[in-house]
Amino acid sequence: MKLRRIIAFLSAALLFLTLPLTSSFGPKVSAADKQDEHEDEINAIIDDMTLEEKIGQLFIVHVYGQTPTDPAYEAINLRNNRGGKNFEEVIENYHVGGVIYFNWTDNIGTPLDAEQVQDLSNGIQEIAVEQDSGIPLFISTDQEGGIVQRVTDPATVFPGNMALGATRSEEFASLTGNIIGKELNSLGVNMNFAPTVDVNLNPANPVIGIRSFGEDPDLVSRLGVSQINAFKEENVIASAKHFPGHGDTDVDSHYGLPVIDHDLETLHEVDLKPFKEAIDAGVESIMTGHIVVPALDDSGLPATLSKPIITDLLREEMGYDGLIITDSLGMSGANVVPPERVPVEAFKAGVDILLNPPDVEVAYTSMLEAVQSGEISEERVEESVYRILRAKMENGLFQGAQTSPDKLENIGTEENLNAADRIAEKSITLVKNDDVLPLQQDEEVLITGPSVAKPALLFQLLEEKGFVGSSYATGTSPTDSQMEQAVAQAEEADKIIVTSYTANTNAKQQEFVEALQQTGKPVIVSAHRNPYDVMVFPEVEGYVTAYSYLDVSVNAVAGVLAGDVNPYGKLPVTIPDLYDIGHSLDYTTTPLSAEGMQQLVEDLAQQEEINGDQTVRALTRHLDAIERFEERGLADKVVKHLESFQELLTHFHENDLLTDKAYSYLETESLKLNETWANQE
């Protein structure tokens, strides 16, 4: 590095060491204060950068390979216009500001090889800081949880955002953010393109769906902010997406150009609300959506290319001064102008970071030529570079971007995996039950459905619990032959469980369920992706939705079907013409009151799910006290003592005085009762 860059780097490091602590022992430093404190150091770096280096900082790109100089991927990188044959060449050739990891680029394997990913991160950071500019990289990925997560087993796999929405729990949202953030940080990933804060209003939405927390903008805002704050605690930059809101569309912007036809009032009350809340919470980056919003810009351009949306609305009206990042520039929704114009028009619209261009050389050259020709001023480039360097400095990347090998111990710990199991269990929502659930041990069951929805795994889990029957997997769109085979097997079963996968938009799955209904056997559908499937077969006798086909959710479904887990989740969306948002059922028949819970304790004791008369007496005494407070209408006392009761349940469960089933039933009922009284405080 040049001497001036070394001095700037050391100055920044010295300043970092003298910053006041942001713990409970001292005041937190505001974003505005940090900007002022780092301003001289950032400007010193910018002043010594070439135009080419400044342009490079605007890009986050993908590169194939498992190591910084992986020889096995040289041809594919060159063939796919990555700007070099490996990470090292791309960094040297184009001075990029960051990289994005994918599974399909083999940066992150499935299953995860944590040491390989960490070595890759450390290796490319070393290459970056050895360049003349000495600027560390954003290392990014999409780790939302659910159907979009690049880091998988043996790391912690979560059921996803809509499952979190079904729990209504800010605590769970924060917990997922902390665990995801810690595990990413351990791998050297410092930027996460999450959370998705789109408000999903359209049952036919093919790209958001269960990636959303739900259809209530207040719920989406609360859970989104909880995750953002948790990522921040783990020193991972969050990115709220997809601005100004991708929730009400039936077109996937990967393959087409969606149009959001909301009026201004709806946009501000629904779509924009979670972004406003994220900005107030200090979110460090916001990702744009490739969506047309005529009420905000009638030009027909997607938001990513729209100055009225990015600059006029997000920057000026909403006052956002953090990083604005495009969604992937290789998506069809962005390509409404010639390829060389896409990055230029996005930057002119007001973005800072150009994510994942399909041709690195074309994108970089087009930006460089736009500045050299005067179409884009160098001052405008420096505004974005300033924000980029500020984010890197505030997140400690200049003080050391390398990640210690001992951090790998944070990945997939027993505590983390148990947390994922607990969240999945609490998310499962029982929507309809015509006295067909829970299953009975003397019933033979057929579990069938698309293989992607894992009927075989669900049957295996139930078989381990003592149930008998069979499973039969079909294609995502079952063939006539597969339908005939499933119907033949259904003749031998007492009940049929269908694991559906977005059946509300799949005619063959709808036909499949109808064929099974014609057998006259009770049909129970367990929806393992979107919760809307019951719209197209409302007459099924039972309906459960898991918001996920991942193993962690299928395991939770097995617990619910078997009756070991009392369903707790609430619909975070409306099922049009059938069920309102918030609808839920469970297996308890006792009233939701302290008196009802006393009866539940007696029932569980008779089923030998509670160990010892002393345990029963302790639980009953506590509920007696709560009942007295209920009779006097003392909501605060009821809530306080229910929280103590929950602590007592946890203690008894940990000491094997309550079975898993007893704990599930008593805990879920106490949580529901607590919520009822908390709303009266």
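Counting only heavy atoms from C-beta outward, the side chains of Asn190 and Phe138 approach each other to under 4.5 Å. Taking the side chain as every heavy atom from C-beta outward, Arg168 and Leu223 never approach each other to under 4.5 Å. At a threshold of 4.5 Å between non-hydrogen side-chain atoms, the residues His62 and Tyr101 do not count as touching. With a 4.5 Å cut-off on side-chain heavy atoms, Thr574 and Tyr579 do not count as touching. Taking the side chain as every heavy atom from C-beta outward, Val61 and Ile100 never approach each other to under 4.5 Å. Contact of the Thr590 side chain with the Met597 side chain is not registered, since no non-hydrogen atoms from C-beta on lie closer than 4.5 Å. A 4.5 Å side-chain heavy-atom check between Leu439 and Ile497 finds at least one atom pair inside the cut-off.
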For Glu667 and Lys672, run salt bridge (charged side-chain N to carboxylate O under 4.0 Å, His left out): C-alpha distance rounded to whole Å, both residues' side-chain angles, the deciding distance at 0.1 Å, then the answer. CA-CA 9 Å; Glu667 190 213 19; Lys672 291 174 183 177; over 6 Å; no
Intermediate values then yes/no, side-chain contact (heavy atoms from CB on, under 4.5 Å), Asn410 and Lys407: CA-CA 6 Å; Asn410 296 326; Lys407 283 191 173 184; 4.0 Å; yes
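Heavy atoms of other residues, nucleotides or ligands lying less than 6.0 angstrom from CD of Glu115 number 12 at most. Summarising the local packing, CD of Glu608 is surrounded by 12 or fewer heavy atoms from other residues, nucleotides or ligands at distances under 6.0 Å. Heavy atoms from other residues, nucleotides or ligands lying under 6.0 Å from NZ of Lys640 number 12 at most.
Shown here for Val199 and Pro217, the closest heavy-atom pair between the two residues is CG2-CA, 4.1 Å. Here the closest heavy-atom approach between residue Val220 and residue Pro274 is recorded as CG1-CG, 3.7 Å. Nearest heavy atom pair, residue Ser427 against residue Ala163, reads CB-O, 3.3 Å. Heavy atoms only, all atoms of each residue included: Phe467 and Ala562 are closest at CE1-CB, 3.6 Å. Closest heavy-atom contact between Pro455 and Tyr472: CG-O, 4.2 Å. For the residue pair Pro159 and Ser553, the shortest heavy atom distance occurs at CB-OG, 3.3 Å.
Within the structure, every pair that satisfies the ring pair (Phe, Tyr, Trp, His ring centres under 6.0 Å) test and touches residues 545-567, not counting sequence neighbours, is listed here: Tyr501-Tyr549.
To the nearest 0.5 Å, atom CG of residue Asp551 and atom OG1 of residue Thr152 are 10.5 Å apart. Distance CG/Leu673 to CG/Leu623: 9.0 Å, rounded to 0.5 Å. Atom CG of Asn356 is separated from atom CD1 of Ile60 by 9.5 Å, given to the nearest 0.5 angstrom. Distance CD1/Ile180 to CD/Gln143: 5.5 Å, rounded to 0.5 Å. The structure places CD of Glu277 at 5.0 Å from OG of Ser221, a figure rounded to the nearest 0.5 Å.
Checking Gln509 against Ser500 by side-chain atom types alone, no donor-acceptor pair falls below 3.5 Å. Judged purely by distance below 3.5 Å, without hydrogens or angles, the side chains of Gln66 and Tyr73 pair a donor atom with an acceptor atom. The closest side-chain donor-acceptor pair between Asn161 and Ser212, if any, does not fall under 3.5 angstrom.
With sequence neighbours excluded, no residue satisfies side chain to side chain donor-acceptor pair (under 3.5 Å) with Asp280.
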Name every donor-acceptor pair, under 3.5 Å, that has one atom in a side chain of residues 647-654 and the other anywhere in the protein, sequence neighbours excluded.
{"residue": "Thr650", "atom": "OG1", "partner": "Gln646", "partner atom": "O", "Å": "3.1"}
{"residue": "Thr650", "atom": "OG1", "partner": "Tyr663", "partner atom": "OH", "Å": "3.4"}
{"residue": "His651", "atom": "ND1", "partner": "Asn655", "partner atom": "ND2", "Å": "3.4"}
{"residue": "His653", "atom": "NE2", "partner": "Asp660", "partner atom": "OD1", "Å": "2.7"}

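In this structure, Lys426 fails the cation-pi test against Phe172, since its NZ or CZ atom is not both closer than 6.0 Å to the six-membered ring centre and inside 45 degrees of the ring normal.
Salt-bridge check for Arg150 with Glu144: failed, with every basic side-chain N at 4.0 Å or more from each acidic carboxylate O.
Checking each of Asp327, Asp142, Asp198 against Lys241 for a salt bridge (Lys or Arg N to Asp or Glu O under 4.0 Å) leaves exactly one that passes, namely Asp142.
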